[in-house]
Amino acid sequence: MGEKDAKGEGSAKHSEAVKLRRLSDHERTAGGGDGNKHSAKSTKPTEKSDNRRSHKKVKTPKMEPADNHSESVKQEPVDDDFAAKKKGVKRKRIKDEPMEGPSHSTSAPTSKKKNKQHGQEEESGGEAQKKKPKKKTEKTVKKEEGEHSAPKKPKKTKEEIEEARQLKIKKKEEEEQNRWRWWEEEKYEDGVKWKFLEHNGPYFPPEYQPLPDNVNFYYGGKKVKLSVTAEEVALFFAQMLDHEYTTKKVFRENFFKDWRKEMTHEERSLIQNLDKCDFGEIHAMHKAKVEARKNMTKEEKLALKEANQKIVDEYGYCLLDHHKERIGNFKIEPPGLFRGRGEHPKQGMLKKRIQPEDVIINCSKEARVPVPPAGHHWKEIRHDNTVTWLASWTENIQGSIKYIMLNANSKLKGEKDWEKYEVARKLKLCVDDIRNQYHQDLKSKQMGTRQRAVALYFIDKLALRAGNEKEEGETADTVGCCSLRVEHITLHEELEGSKYVVEFDFLGKDSIRYYNKVPVIKKVFKNLNLFMENKQPGDDLFDRLNTNMLNKHLSSLMAGLTAKVFRTYNASITLQQQLKELTNKSDNEAERLLAYNRANRAVAILCNHQRAPPKTFDQSMANLQAKIEARREQLELAKTELKQAKKEAKTKGSSDSKLQTLVERKKAAVKRCEDQLLKMEVQATDREENKQIALGTSKLNYLDPRISVAWCKNMEVQVDKIYNKSQRDKFAWAIDMTEADFVF
DNA sequence: TTCCTGACTTAGCATTGCCCCG
DNA sequence: CGGGGCAATGCTAAGTCAGGAA
């Protein structure tokens, strides 16, 4: 395997590189920046789009929401992805799998308070959800708490605080009790996602409220009273005036075009130039509103909060197979101006208001159908239990479908997540073979095969995304592995002491720049040279390859294998390795957590998960440094005092118990100071290293939670030190089932 | 075979919530 | 006892991937 190892050290380089990699906001979007970065930049849409692959998809009239909504229930073909379809196969999948080693403890239930009534194999069929008693209690408790703490604000007595604490604990336990332990149940047959589904439909944003009479729009200096429709769109723009979006040409043009579509004839003939429009008063009103909201009294805020809670209670949950589940996004997206990421050709377009008539409802036949808002009806009622969505509508910018789906802590999402990690673990078992294979393929006579091999090499080594082709002009110009163009890489026979270096510079998902210099093996390098022969910068690097072919190939090597599985696999395995490497039993908790974050960070760097440095970063860093400095002085002082005390104790004879205790006390003080200092220093390091790296994405989407849970157990760290509440909810299955000996 | 689209995951940024400090 | 600052949550855009039509 040889070069896989490069990854380890690679990641060190990597981390240096990461600084370079991030583009500041304007660089990112403008693709401008300073000269040296030729490729990704100079090639911006304008000049490049012309020579961009001619064979690329050409936009065809899309949209047309295909009005053929039949009442059909899709027939799911028998696929064979993950672990052979179990029709009623027990769900201890891990055990079923030929897992390595003695330690596939995975599915063994942890002790905790619940000793599942099933050893492992039993729990004979049936959808069975025996446990899960009272569901309601949860709410009651919450209410109670509200009534308790809110009215008596004066000052909390000790008892009250204690009481609140107890309540919290109780609530937590209750929640735990109520949790649907779906991972102990049997899986449904193929393709069936649920047997019963009932919900109240999506929540619609409030109607537009016309502007008050004292707020006006002006055109060419003259007051113009707009129609309600045009006014609403004008407000969308006015609200964004502080944002630099509204200064961009494309944004303004798209907005203006769409705005004019919403105008009456008269308005349209009057308003011909956006520059002559004055949204000042509207903008000011909006700012005032924001300000007013900030300055609401406690009572007002509370009232608002309660109103929101009511909405959540009514629309935020559904009933799925006898269990109440939280819905992830139960609100219909409000209208507004589309804000794409990066240099999006459609930025500024009007995102229309969705009406019930646009919405398809999905629920079971037996369920109560949600009531549409008064005077409205749904587009369609569907009963399709092979999908997981509760409602959907077609969005007007890209013509794609938006869905209302369940929260990440739901069975439907959790199960899928678990499955994802199981597939990745399966890859672990055959990854060596697959690597050997693509190394062989690098020498293939078939150009297509060679390209596939090189692409796979990148995907495996660099965790690149697959890179589907995109329609030109519909989205920002971004690429993944298979869609890389010649202009995105530069070959260096030798660079900075390494041979055969490939320099990548392209915009990936969300227009985040990927910049990396990677030494590759000679065969890969030579192949790249070959692929680039006689091509223009705008041509596809892998002209004989697309994601479909690649994935077809992969799935022939292993059931369920696709390009993104490599990302999951490499992310998780990296975490596991790094944790092993970086943590010591002898560390204190702060150091252990730093180690964990560093391991997490290594993955984030691998996956190129970036973030804009927080606006207040420098300031807060300085604050922290100041605090550290202060603490350091305090430590010095404490040390001096300790010395003093010791001296005194010595001179006065050690028999003096008072002095002895003083010495002890001073010692303790020093120790405390040291600990705190260390903790803060560690924190500072952590924060600095994290400046432009986002840990959340990998934690949430790529790292098998069982690795983290097992690490916590081994290191005696509380799980809630690494997972917040919603993460613990999402990973409840892993927290529940994972033992210390889990190995990915 | 290619195209198209539906369904679902992954992504970063914006907003909100909450804790701690002065 | 407000407000600054960060963490948590919300939002929705932008990917992946596969099935089925053309």
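In this text, all values refer to a predicted model and were calculated from it rather than measured experimentally. Per chain, numbering begins at 1; letters A, B, ... match sequence-line order. Side chains are part of it too, since the values below use all heavy atoms of this structure and drop only hydrogens, waters and symmetry mates.
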Would [X] and [Y] count as having a side-chain donor-acceptor pair, cut-off 3.5 Å?
X	Y	value
A:Y403	A:T388	no
A:E469	A:S483	no
A:T297	A:E300	yes
A:T394	A:D358	no

From C-beta outward on [X], which listed nucleotide comes closest to its side chain: [options]?
X	options	answer
A:T697	B:dA7, B:dC8, B:dA11	B:dA11
A:I401	B:dA11, C:dC6, B:dA7	B:dA7
A:P334	B:dA7, B:dA14, C:dT12	C:dT12
A:F338	C:dT12, C:dA13, C:dC17	C:dA13
A:T478	C:dA14, C:dG15, B:dA7	C:dG15
A:A612	B:dC13, B:dG12, C:dC17	B:dC13
A:N701	B:dA11, C:dG15, B:dG6	B:dA11
A:R326	B:dA11, C:dG10, B:dG6	C:dG10
A:T388	B:dC8, C:dG19, C:dC17	B:dC8
A:R341	C:dG2, B:dA11, C:dC17	B:dA11

So what does [X] touch, heavy atoms closer than 4.0 Å: a base, only the sugar-phosphate, or nothing?
X	value
A:G328	nothing
A:K564	sugar-phosphate
A:S392	nothing
A:K351	sugar-phosphate
A:Y702	sugar-phosphate

What's the [atom1]-[atom2] distance between [X] and [N], to the nearest Å?
X	N	atom1	atom2	answer
A:K730	C:dA8	NZ	P	15 Å
A:D510	B:dT10	CG	P	14 Å
A:N724	B:dG17	CG	P	16 Å
A:Q727	C:dA7	CD	C1'	10 Å
A:I693	B:dG12	CD1	C1'	15 Å
A:K402	C:dT12	NZ	P	7 Å
A:M240	B:dT15	CE	P	10 Å
A:I512	C:dA14	CD1	C1'	12 Å

Report yes if a donor N or O on one partner sits less than 3.5 Å from an acceptor N or O on the other, where the partners are the side chain of A:K416 and the base of B:dT9; otherwise report no.
no

Output yes when at least one side-chain N/O atom of [X] is less than 4.0 Å from OP1 or OP2 of [N], else no.
X	N	result
A:H609	B:dA11	yes
A:K420	B:dT10	yes
A:K509	C:dA13	no
A:R567	B:dT10	no
A:N468	C:dG15	no
A:K193	B:dC8	yes

Taking for each residue the nucleotide of DNA chain C bearing the nearest heavy atom, is the 5' side occupied by A:H344 or by A:A563?
A:H344

In terms of the nearest nucleotide of DNA chain C, which residue is placed more toward the 5' end: A:R465 or A:N407?
A:N407

With a 4.5 Å limit on heavy-atom distance, are the side chains of A:L606 and A:N570 in contact?
yes

Looking only at non-hydrogen atoms, find the nearest pair between A:V479 and A:R485 and report the distance.
CG1-NH1, 3.9 Å

Could you walk me through whether A:E291 and A:K294 pass the salt bridge (charged side-chain N to carboxylate O under 4.0 Å, His left out) check?
CA-CA 5 Å; A:E291 192 56 27; A:K294 247 192 342 214; 3.7 Å; yes

Quick one: on DNA chain B, does A:M405 or A:S698 contact a more 5' nucleotide (nearest heavy atom)?
A:M405

Pairwise 5' ranking along DNA chain B for A:H243 and A:M549, keeping only the more 5' one:
A:M549

Could you tell me whether A:D242 and A:K287 have a side-chain N and a carboxylate O separated by less than 4.0 Å?
yes

